[in-house]
Amino acid sequence: MVKAILFDFDGTLADTLGMYIKAYRKTLEHYGFTFTDEEIVKMCFAKKEEDICETLGIPEKTEEFRKLYFGAKHDLLFENKLFPETLELLKTCKRKGIKTAIATFTRRWYIDKMVDQLGIRRFFEQILSFDDVKNPKPEPEIILKLCETL
């Protein structure tokens with residue numbers, strides 16, 4: 001019997017790909033970089049801002065990059081939508097007594113904003129983000145913490 005399900009947020013519960021690509025594109029263009037969507041995904045997704053800036057050869061611009069990127073991301077949050085099946089899946093889990101949690105690589109401010117904006121916070125017993133662990137995904141720390149609490 002399934003007792004709990006751990007979800008990622010971006011690309012699993014919500015269709016956020018377009019928002020991320022636009023936010024990275026706007027930030028990268030500020031520094032004069034132009035990349036295809038595929039190049040942005042490869043270079044930026046699931047990477048820390050310091051690692052992206054190191055790859056771009058602008059490690060001294062990490063804080064500025066982070067502020068620009070988070071600002072662009074914040075401006076585009078309204079574009080994010082749940083996948084069509086997400087709400088029904090979460091309702092089914094709740095109805096069957098299956099505990100649910102989110103384990104995400106993203107920052108706390110973002111995941112809090114998104115679960116509230118999309119009206120799904122009530123479905124989750126626990127939500128852990130990049131900021132809630134010492135070693136974020138893909139390290140197993142976030143998953144182990146959630147398993148302990150659930």
Side-chain angles (χ1 to χ4, degrees), residues 2 4-93 98 100-121 123-147 150:
V2 175
I5 300 174
L6 309 180
F7 293 98
D8 187 18
F9 179 76
D10 293 300
T12 302
L13 298 174
D15 185 1
T16 59
L17 179 62
M19 182 270 312
Y20 274 102
I21 289 173
K22 287 177 186 176
Y24 277 123
R25 176 168 285 114
K26 182 176 180 181
T27 306
L28 292 164
E29 285 175 353
H30 174 82
Y31 297 101
F33 297 107
T34 304
F35 296 105
T36 66
D37 290 358
E38 293 79 16
E39 290 169 327
I40 290 171
V41 169
K42 188 175 181 178
M43 182 186 324
C44 300
F45 280 45
K47 301 219 170 71
K48 297 177 183 176
E49 292 81 22
E50 42 274 298
D51 295 334
I52 296 168
C53 289
E54 185 69 36
T55 299
L56 294 170
I58 55 168
E60 71 284 355
K61 302 282 187 181
T62 299
E63 280 309 309
E64 179 185 57
F65 183 96
R66 184 177 287 121
K67 286 178 186 174
L68 289 169
Y69 169 63
F70 286 173
K73 193 169 159 181
H74 186 271
D75 292 345
L76 296 165
L77 291 180
F78 70 91
E79 292 188 6
N80 292 332
K81 305 281 186 250
L82 293 175
F83 284 114
E85 301 83 10
T86 297
L87 198 52
E88 189 56 39
L89 173 62
L90 295 175
K91 287 178 182 178
T92 299
C93 290
I98 299 170
T100 58
I102 294 175
T104 181
F105 184 79
T106 195
R107 302 290 179 149
R108 170 56 63 184
W109 70 266
Y110 168 80
I111 192 62
D112 282 343
K113 177 79 173 162
M114 292 313 309
V115 296
D116 291 338
Q117 177 179 305
L118 297 171
I120 59 171
R121 182 178 295 274
F123 293 106
F124 300 100
E125 279 74 26
Q126 184 76 25
I127 299 170
L128 291 182
S129 72
F130 177 96
D131 299 312
D132 299 315
V133 293
K134 182 178 177 187
N135 301 300
K137 286 172 46 183
E139 296 295 322
E141 179 183 350
I142 198 167
I143 302 301
L144 296 172
K145 277 181 126 177
L146 285 172
C147 288
L150 294 179

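Just so it is clear, the structure is predicted and the values come from calculations on it, not from any experiment. Quick note: numbers below take in every heavy atom, side chains included, and nothing from hydrogens, waters or symmetry partners.
Test Val115, Leu128, Leu146, Asp8 against Ile102 for side-chain contact (heavy atoms from CB on, under 4.5 Å) and you get one pass: Val115.
Using a cut-off of 4.0 Å between Lys/Arg side-chain N and Asp/Glu carboxylate O, Lys26 and Glu29 are scored as not salt-bridged.
Here Glu139 pairs with nothing under the side-chain hydrogen bond (donor to acceptor under 3.5 Å, both in side chains) rule; sequence neighbours left out. Annotation: ring pair (Phe, Tyr, Trp, His ring centres under 6.0 Å) contacts of Phe130 (sequence neighbours excluded): Phe105. Under the salt bridge (charged side-chain N to carboxylate O under 4.0 Å, His left out) criterion, Glu125 pairs with no residue, sequence neighbours left out. Among residues two or more places apart in sequence or in another chain, the side-chain hydrogen bond (donor to acceptor under 3.5 Å, both in side chains) test is passed with Thr100 by none. Residues passing the side-chain hydrogen bond (donor to acceptor under 3.5 Å, both in side chains) test with Asp112, sequence neighbours excluded: Arg108, Arg121. Applying the ring pair (Phe, Tyr, Trp, His ring centres under 6.0 Å) rule to Tyr69 yields the partners Tyr24; only residues at least two apart in sequence or on another chain are considered.
Here the closest heavy-atom approach between residue Tyr31 and residue Thr27 is recorded as CD1-O, 3.2 Å. Closest of all the heavy-atom pairs between Leu77 and Gln117 is O-NE2, 3.0 Å. The two residues Ala103 and Ile143 make their nearest non-hydrogen contact at CB-CD1, 3.8 Å. The two residues Lys134 and Pro136 have their closest heavy-atom pair at O-CD, 3.5 Å. Between Cys44 and Leu28, the shortest heavy-atom contact is SG-CD1, 4.2 Å. In terms of heavy atoms, Leu13 sits closest to Thr86 at O-OG1, 2.7 Å.
Glu60 contributes atom CD, which lies 9.5 Å from atom CD of Glu54 (distance to the nearest 0.5 angstrom). In this structure, the separation between CZ on Phe70 and CD on Glu49 is 4.5 Å, given to the nearest 0.5 Å. For the atom pair CZ of Phe9 and CD1 of Ile111, the computed distance is 4.5 Å after rounding to the nearest 0.5 Å. Interatomic distance, Ile142 CD1 to Ile127 CD1, rounded to the nearest 0.5 Å: 11.0 Å.
Counting only heavy atoms from C-beta outward, the side chains of Ile120 and Met114 never approach each other to under 4.5 Å. Counting only heavy atoms from C-beta outward, the side chains of Leu56 and Phe65 approach each other to under 4.5 Å. The shortest side-chain heavy-atom distance between Phe45 and Asp10 does not fall under the 4.5 Å cut-off.
Open room surrounds NZ on Lys48; 12 or fewer heavy atoms of other groups in view lie less than 6.0 Å from it.
A cation-pi arrangement is present between Lys73 and Tyr110, with the terminal nitrogen or guanidinium carbon under 6.0 Å from the aromatic centre and inside a 45° cone about the axis.
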- Carefully, step by step, assess Glu88 and Lys91 under the rule salt bridge (charged side-chain N to carboxylate O under 4.0 Å, His left out). CA-CA 5 Å; Glu88 189 56 39; Lys91 287 178 182 178; 5.0 Å; no
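Thr16 places no side-chain N or O within donor-acceptor distance of the main-chain N or O of Asn80, the cut-off being under 3.5 Å. The backbone N or O of Lys42 lies less than 3.5 Å from a partner atom in the side chain of Lys47, making a donor-acceptor pair. The closest donor-acceptor contact from the side chain of Glu39 to the backbone of Thr36 lies under 3.5 Å.
Ring geometry for Phe33 against Phe35 counts as parallel: the plane angle stays under 30°, on a 0 to 90° scale with 60° as the upper cut.
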